[in-house]
Amino acid sequence: MVSSTLVLLLLCANVGKALESCNPGKTTCVTEDLLHMIMRAVPTINDSNSKTDLERRPTFFASLKAPQQTLSDIKDIVKFDDAKINIGGGYDSTTGIFTAPRNGIYIFSCTIVSVGGGDVQFQLNKNNHFYTGGYATRTNYGGQTVYSIVELRTGDKVYIKHRTGSLQKVSGNHHSTFSGYLLSK
């Protein structure tokens, strides 16, 4: 992996020298502009912290392993009980809550699938406050995916919660998922 990263860096450095004569922003230079963006994003050989930052960046992906979860109270949190990835240890599968281990801009994705014929009203909460709503429709195993970009401080909490007091069922068997990762500082 290190050797392929080194090859990519050397290739980018040489391409960058060849692109100095290009006029950025012109239609004919879109590819060159893209290469410039890649070169700025790829860590350099002298930037040893970039690689370790990518290895430590908080990231999680969890799914609802149980066949279903019944939500009956507006306070119910969906507990995605199978954390397949949990870099940084921010996600707690027993509570369903992600606690930010670092400040930054995070992106979250949640897919909720309803149990046949029902619907599920849900929301993404940040620190006990509504942030984004979702609604899995009354179709046979209908679902919805909600994406949210959220600025968090260390210790902030994000979770998926029931949005109504009526009885609703979330389909499990790994159909409903919750994930997030640190996008930038």
Side-chain angles (χ1 to χ4, degrees), residues 37 40-41 49-185:
M37 289 186 334
R40 284 191 301 269
N49 291 333
S50 294
K51 184 175 187 299
T52 56
D53 181 58
L54 287 174
E55 291 171 351
R56 295 180 297 125
R57 191 170 289 194
T59 304
F60 77 94
F61 176 84
S63 62
L64 183 57
K65 181 179 180 180
Q68 67 184 22
Q69 182 178 346
T70 301
L71 306 172
S72 59
D73 190 284
I74 197 162
K75 297 177 185 176
D76 287 347
I77 295 173
V78 181
K79 295 175 184 84
F80 299 88
D81 55 353
D82 189 10
K84 298 179 183 301
I85 297 171
N86 196 10
I87 298 169
Y91 182 74
D92 183 344
S93 60
T94 61
T95 64
I97 297 173
F98 172 77
T99 304
R102 293 171 41 183
N103 294 345
I105 306 295
Y106 288 77
I107 186 166
F108 294 94
S109 171
C110 174
T111 299
I112 295 289
V113 176
S114 65
V115 173
D119 61 343
V120 178
Q121 297 175 47
F122 63 97
Q123 65 189 51
L124 182 137
N125 266 32
K126 173 187 171 185
N127 295 331
N128 299 320
H129 297 287
F130 175 89
Y131 196 84
T132 307
Y135 184 80
T137 61
R138 286 182 188 257
T139 60
N140 195 18
Y141 294 94
Q144 183 181 32
T145 300
V146 173
Y147 296 95
S148 303
I149 296 176
V150 185
E151 184 172 11
L152 298 177
R153 293 201 156 307
T154 302
D156 282 347
K157 298 184 181 320
V158 175
Y159 53 91
I160 305 302
K161 141 186 181 350
H162 196 211
R163 204 172 71 200
T164 182
S166 62
L167 184 78
Q168 297 179 331
K169 295 180 181 181
V170 177
S171 179
N173 296 317
H174 305 286
H175 291 108
S176 296
T177 63
F178 181 38
S179 62
Y181 63 91
L182 176 64
L183 188 61
S184 68
K185 294 180 183 182

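Throughout, numbering of the chain's residues begins at 1 and tracks the sequence.
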Distance from [X] atom [atom1] to [Y] atom [atom2], nearest 0.5 Å?
X      : Y      : atom1 : atom2 : value
Ile107 : Leu183 : CD1   : CG    : 6.0 Å
Ser93  : Phe178 : OG    : CZ    : 12.5 Å
Phe60  : Leu182 : CZ    : CG    : 12.0 Å
Arg163 : Leu124 : CZ    : CG    : 12.0 Å
Arg57  : Lys185 : CZ    : NZ    : 8.0 Å
Lys157 : Asp92  : NZ    : CG    : 9.0 Å

Taking only residues two or more places apart in sequence, or in another chain, which ones meet Tyr106 in a ring-ring contact (aromatic ring centres under 6.0 Å, His included)?
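Residues passing ring-ring contact (aromatic ring centres under 6.0 Å, His included) with Tyr106: Phe98.
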Please list all pairs passing the salt bridge (charged side-chain N to carboxylate O under 4.0 Å, His left out) test where one or both residues lie in residues 118-135, with sequence neighbours left out.
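Non-adjacent pairs meeting salt bridge (charged side-chain N to carboxylate O under 4.0 Å, His left out): Asp119-Arg138.
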Indicate every side-chain donor-acceptor pair of residues 66-80 with a distance under 3.5 Å to a residue at least two apart or in another chain.
from	atom 1	to	atom 2	distance (Å)
Gln69	OE1	Lys79	N	3.0
Gln69	NE2	Ile77	O	3.1
Asp73	OD1	Lys75	N	2.7
Asp76	OD2	Ser72	N	2.8
Asp76	OD2	Asp73	N	3.0

Are any non-hydrogen side-chain atoms of Lys169 and Ser114 less than 4.5 angstrom apart?
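Result no, sub-4.5 Å side-chain heavy-atom pair not found.
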Apply side-chain hydrogen bond (donor to acceptor under 3.5 Å, both in side chains) to the pair Asn128 and Tyr159, showing each step before the final yes or no.
CA-CA 9 Å; Asn128 299 320; Tyr159 53 91; 2.8 Å; yes
Could you tell me which residues satisfy side chain to side chain donor-acceptor pair (under 3.5 Å) with Lys65, sequence neighbours excluded, listed by chain and number?
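For Lys65, no residue satisfies side chain to side chain donor-acceptor pair (under 3.5 Å) once neighbours in sequence are set aside.
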Partner residues of Asn86 under the side chain to side chain donor-acceptor pair (under 3.5 Å) criterion, sequence neighbours left out
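For Asn86, no residue satisfies side chain to side chain donor-acceptor pair (under 3.5 Å) once neighbours in sequence are set aside.
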Minimum heavy-atom distance Leu64-Ser171, with the two atoms named:
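Scanning both residues completely, I find the closest heavy atoms to be CD2-O, 3.8 Å.
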Can you tell me if His174 has over 12 outside heavy atoms packed within less than 6.0 Å of its NE2?
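It does: His174 NE2 has more than 12 such atoms within range.
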Please tabulate, for the side chains in residues 143-153, all donor-acceptor contacts under 3.5 angstrom to protein atoms that are two or more places apart in sequence or on a different chain.
from	atom 1	to	atom 2	distance (Å)
Gln144	OE1	Tyr135	N	2.4
Thr145	OG1	Thr111	OG1	2.7
Ser148	OG	Thr132	OG1	2.8

Ignoring hydrogens and angles, state whether a donor on the side chain of His162 or Gln121 is under 3.5 Å from an acceptor on the partner side chain.
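Judged by distance alone, the side chains do not pair up.
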